[in-house]
Amino acid sequence: MADSIGALHQFEIKSLLPPLGEAHEVPFYAFTNSALAMAVSALGVYALVGMASRNRALVPGRWQALAESLYEFIAGMVRDNVGSGGRPFFPFIFTLFMFIIAGNLLGLIPWFFTFTSSLFVTFTLAAVIFVAVTTVGFMKHGLGYFRLLFPEGAPIAIAPVLVPVELISYLARPVSLSVRLFANMTVGHVIFKVLAFFTIALTGATIIGGIAPFAFLVGVTVLEIGIAVLQAYIFTILACIYLHDALHMH
Amino acid sequence: MLIEFVSPIVVGGLIGWWLDEWLGTRPWSMIALTCLGLAAGVLTIYRVAALAGRDNEKGEG
């Protein structure tokens, strides 16, 4: 049903520069609408932070206050969740949060492609986190990082079962991390399209009929702004928790 | 919450599928690893719940 409404067209990835075409027809280096959205988001964050730090004042202006409160928010998140030794990772966590929240919020603008609703993008982000966290763990603990797969104090007899269970649970982290963000953003945008279709179709039938779905659409839009912020927060805080596990091993 | 329970099962199943292809033991390692994935899913949910409980206590206390 959703496809007859056209709710899934918004997720189509197509090339914007030659070679033109759909995602499956063009080579991997094609500049797609998804790539454009990511570039705009990254430049937007860069412009925001750059603008905020241009006229540095003791009493911050509007932009400086925004950037400072974002800085303090992420700094607090890193301090509380990564713990000691977390400071060197602050730039990475801050970049990650700003990139995702920019993509989520800009994606709510009509015709702006929501790149976080693409599983390839979210899985790549999660895979980068996974590889980085695993590398940090091995650099800090050497081969002792394998002890993460066997909690201290467990009887050695259950190791043949416990080690594979812990390994699967460790390998499943990037999957659940990426699918959570992807699913939340995709579902929100499908609901937008379905409610918009109802509004137009019912307004066409009777003028009053369109009021109820439109009111619902307004409410869902507010909800989606909250979800856009919340999902960026959850993605980032889980990255912090994984980093904490790698640095301190539970 | 749900995704944290489901993804270890899927990951376990996929690793099992891949092991079966490699070792030619279909379907045994897939069955075994899906069961281990189920255990991993329960473990993950337990940890998420424990973490949430710890944060709640911290908030109240």
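Letters A, B, ... are given to chains in the order of the sequence lines, protein chains preceding strands, and every chain is numbered from 1.
Under the 4.5 Å side-chain criterion, counting only non-hydrogen atoms from C-beta, L43(B) is in contact with E166(A). Looking at heavy atoms from C-beta onward, I168(A) lies in side-chain contact with L33(B) at the 4.5 angstrom threshold.
Heavy-atom neighbours of chain A within the stretch residues 11-21 of chain B, taken at a separation under 4.5 angstrom, comprise V11(B), G12(B), I15(B).
When heavy atoms are compared at a cutoff of 4.5 Å, I241(A) approaches chain B solely by way of its side chain, counted from C-beta outward. Only the side chain of L51(B) has a heavy atom closer than 4.5 Å to any heavy atom of chain A.
By the 6.0 Å contact criterion, CZ on F120(A) is open, its count of non-hydrogen atoms from other residues, nucleotides or ligands being 12 or less. L143(A) CG: 12 or fewer foreign heavy atoms inside a 6.0 Å radius. Within a 6.0 Å radius of CZ in F146(A), other residues, nucleotides and ligands contribute 12 heavy atoms or fewer. Atom CZ of F216(A) is surrounded by 12 or fewer heavy atoms from other residues, nucleotides or ligands within 6.0 Å.
Distance check, rounded to the nearest 0.5 Å: CD1 of I3(B) to CG of N184(A) gives 10.0 Å.
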Test side chain to side chain contact (heavy atoms under 4.5 Å, CB included) applied to L36(B) and V161(A), step by step: CA-CA 8 Å; L36(B) 288 174; V161(A) 179; 4.0 Å; yes
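Of all the heavy atoms in S176(A) and S7(B), the pair that sits closest is CB-OG, 3.2 Å.
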